[in-house]
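Worksheet for the structure shown next.
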2 protein chains.
Amino acid sequence: MRSDLVHGVASAMEAGLDQANLMTEPLYKAVIGTVIDRIVSGELVPGAMLPSEYDLGAELGVSQGTARKALEELERRGIIKRRQGVGSFVAVRTPENALFQFFRLRNPDGTQAIPGLAEETVTSRKATASEAGQLSDAPERVHEIVRVRTIDGARLIYEKSVVPAVLFPGLAERAPLPNALYALYQQAFRIAIVRADESIRAVAADQETASALGIVETRPVMRVERKAFDIADRCVELRLSFYVTDHHAYGISLA
Amino acid sequence: MRSDLVHGVASAMEAGLDQANLMTEPLYKAVIGTVIDRIVSGELVPGAMLPSEYDLGAELGVSQGTARKALEELERRGIIKRRQGVGSFVAVRTPENALFQFFRLRNPDGTQAIPGLAEETVTSRKATASEAGQLSDAPERVHEIVRVRTIDGARLIYEKSVVPAVLFPGLAERAPLPNALYALYQQAFRIAIVRADESIRAVAADQETASALGIVETRPVMRVERKAFDIADRCVELRLSFYVTDHHAYGISLA
DNA sequence: GCGCATCAGTCTTGTATAAGAATTCTCCTA
DNA sequence: TAGGAGAATTCTTATACAAGACTGATGCGC
């Protein structure tokens, strides 16, 4: 079986993965890498059905149980969804679940707040040194999306998103963009956001934010810096957001 | 094997678990419940070694593989730690890892901020209706821990923690309390915090917070409401914290 | 005799595999 | 149109072997 395994790993390499297997990497990890490669390459599009555990195992020269272990971990990471009796599918980021996963603002009663879109400007420009350093592959040019978002009609959110131009060709021409950017990223550019690191502070609104939201400059607002990572763990978006949290709260869970 | 399984579940019931198994619950979930029961009951204390996969399986009438599946999930939940060639151990909440897991304040360079303790008062009183409704088992009396914490000598954090008196007998007499409360909870009261839900807002400091931290009343501070849950998923602590985030940020990860 | 390295043994978890059960959907039939 | 057989899928359980880690005995040099 080991020879077949090596063959399976070899196909994974052909699909784009060629590091990290020097010392007999476990088979199931090689399978994980193969599946991720196929998603990244577009061979498996969001919503597509994966081969069954048995077929995937046969194809890569491993047993059904090993393929299963790989699929279980992919589901834990949120990359695929599985349904008994039906099959395994590449996770689809819909406007609904994208909001539920990454938009954390809650109403006073704890329910999810539903944001609207009041203003939007999309521009292309050179990346700053800081942006190039934080984004993967140090892009030279970026798209900047500046938005004012509303909740129940009130202008409460001001946010700037920066993405590499090379990964999002023609983004600026697509304006106006839909409310849920991450669903657009996946559907139009095949980039699935699966993880985000955030840095949160309470600050007094600066002049730019205050005028955008129509508030006084000294008002406390929540300042959130986000780095968003795709399925291949590349940092593909920087986002700086300001929230007015007088009647809403940012809900998170620590585990 | 199914009859033996039922027997295993029966022993789990004797250990304290007697709901949620009406319709042929999977064996490995019954094993998970049994292990959790033993930890909650104090039969397995933090740091104690669990039976090996083989022994645990034999004891409960399931195979090593099934016991293994249960132990894997317990490790994912952070309830136990496993080391190849050594064994499985009930997770120990040390002051260090408790801070790393639940104290999210970061220095400007992204490293973990180390808090100190400047002031502390511990009192016992009747629970408010709101507190009784949020805490598990609607306790009549609570302990309240009010603290001012420092970072690099600066008074930057003001926090009030409320815990049920019945679960923490004699807590008030233990003052002064150690810096890491959750380590104390586990070591002195056998209550392991494994999860917390937080609600974050940016507000202007109120009079109480401002005087405690020595800042002006209008200064923006981060207001964090936390509900902390133990291994049995009971809400055992309410905490209201105020952070001065001029030079520090609250770091979280969304996945 | 004392100290230290080495090595075998044993206990543990990690990996791989396989067989049968449970779930879901489709399609045919009455 | 309702119901049931069948096929496809994931889910559960079980077993065998590999790999890592600690223990203690053994032997050698000093």
Side-chain angles (χ1 to χ4, degrees), chain A residues 1-9 12 20-35 44 47-76 79-91, chain B residues 1-9 12 20-35 44 47-76 79-91:
Chain A
M1 266 307 135
R2 184 128 305 254
S3 55
D4 282 298
L5 152 57
V6 174
H7 175 272
V9 173
N21 185 41
L22 304 175
M23 277 293 121
T24 60
E25 182 189 38
L27 292 180
Y28 75 93
K29 290 193 177 178
V31 175
I32 291 174
T34 300
V35 173
L44 287 171
M49 182 172 174
L50 276 70
S52 71
E53 295 176 353
Y54 185 87
D55 290 347
L56 183 63
E59 185 183 343
L60 300 180
V62 301
S63 74
Q64 174 264 348
T66 300
R68 170 174 184 73
K69 185 163 183 174
L71 294 174
E72 280 177 335
E73 175 153 346
L74 287 166
E75 183 174 40
R76 274 197 295 274
I79 293 174
I80 69 173
K81 289 288 179 189
R82 319 187 73 209
R83 284 172 52 206
Q84 181 171 1
V86 182
S88 300
F89 304 85
V90 181
Chain B
M1 267 306 135
R2 185 131 297 261
S3 54
D4 283 298
L5 154 57
V6 175
H7 175 273
V9 174
N21 185 41
L22 305 175
M23 277 294 121
T24 60
E25 181 189 37
L27 291 181
Y28 76 94
K29 290 193 177 179
V31 175
I32 291 174
T34 300
V35 174
L44 287 171
M49 182 174 175
L50 276 69
S52 72
E53 295 176 353
Y54 185 86
D55 290 347
L56 183 63
E59 185 183 345
L60 301 179
V62 301
S63 76
Q64 176 260 354
T66 300
R68 170 174 184 74
K69 184 161 184 174
L71 294 174
E72 280 177 336
E73 175 154 345
L74 286 167
E75 182 173 40
R76 273 196 296 274
I79 293 175
I80 68 173
K81 288 288 180 189
R82 318 188 72 210
R83 284 171 54 206
Q84 182 173 359
V86 183
S88 300
F89 303 85
V90 180

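Treat the numbers as computed from the prediction; the structure is a model and nothing was measured. The sequence lines fix the lettering, A, B, ..., with proteins before strands; numbering per chain opens at 1.
- When the nucleotides D:dC11, D:dT15, C:dA16 are ranked by their closest atom to the side chain of A:Tyr28, C:dA16 comes out on top.
- Residue A:Gln64 comes nearest to A:Tyr54 through the heavy atom pair CG-N, 4.1 Å, listed as atom of the first residue, atom of the second, then distance.
- Protein atom NZ of B:Lys29 is 11 Å distant from nucleotide atom P of D:dC11, rounded to whole Å.
- At D:dT10, one or more side-chain N or O atoms of A:Ser88 fall inside 4.0 Å of OP1 or OP2 (strictly under the cut-off).
- Closest approach to the B:Ser63 side chain among C:dG14, D:dA21, D:dA14 is made by D:dA14 (side chain taken as heavy atoms from C-beta onward).
- Taking the nucleotide of DNA chain C with the nearest heavy atom to each of B:Leu50 and A:Gln64, the more 5' of the two is matched to B:Leu50.
- For B:Glu53, whose side chain is taken as the heavy atoms from C-beta onward, the closest listed nucleotide among D:dC11, C:dG14, C:dT24 is C:dG14.
- For the pair B:Met49 and B:Gly87, the tightest heavy-atom approach, listed with the atom from each and the gap, is CE-CA, 3.9 Å.
- Listed nucleotides: C:dA16, C:dT12, C:dC25. Nearest to the side chain of B:Asp55: C:dT12.
- Closest to the A:Thr66 side chain, of the nucleotides C:dG14, C:dT17, C:dC25, is C:dT17.
- In this structure, A:Glu72 and A:Val86 both approach DNA chain D, and ranking their closest nucleotides by distance from the 5' end singles out A:Val86.
- As a whole-Å value, the separation of A:Arg82 CZ from D:dT12 C1' is 13 Å.
- At a threshold of 4.5 Å between non-hydrogen side-chain atoms, the residues A:Leu56 and A:Val35 count as touching.
- Distances were taken from every side-chain heavy atom of A:Val62 (C-beta onward) to each of C:dT24, D:dT9, C:dT17; the shortest belongs to C:dT17.
- As rounded to whole Å, 9 Å separates atom P of D:dC11 from atom CG of A:Leu71.
- Taking atom CG on A:Leu56 and atom P on D:dT9, their separation rounds to 12 Å, with Å as the unit.
- Both B:Met49 and B:Arg68 sit near DNA chain C, but only B:Met49 has its closest nucleotide nearer the 5' end.
- Rounded to a whole Å, the CD1 atom of B:Ile80 is 11 Å from the C1' atom of C:dT13.
- Looking at B:Glu72 and B:Arg68, a side-chain N of the basic residue comes within less than 4.0 Å of a carboxylate O on the acidic one, giving a salt bridge.
- Among C:dA19, D:dT15, D:dA21, the nucleotide with an atom closest to any side-chain atom of B:Arg83 is D:dA21.
- Contact record, A:Ala70 with A:Tyr28: CB-O, 3.5 Å, taken as the closest heavy-atom pair.
- The separation between B:Glu75 atom CD and C:dT13 atom C1' is 10 Å, rounded to whole Å.
- Using a 4.0 Å cut-off between charged side-chain N and carboxylate O, B:Glu53 and B:Arg82 make a salt bridge.
- B:Lys69 has a side-chain polar atom (N or O) that falls below the 4.0 Å cut-off from OP1 or OP2 of D:dT12.
- Whole-Å rounding puts the B:Lys81 NZ to C:dG14 P distance at 12 Å.
- Interface remark: the A:Gln84 side chain does form a donor-acceptor pair with the C:dA22 base, using a distance-only criterion of under 3.5 Å.
- Here A:Gly87 lies in heavy-atom contact (under 4.0 Å) with sugar-phosphate atoms only.
- Counting to the nearest Å, the P atom of C:dT24 and the CZ atom of A:Phe89 are 13 Å from each other.
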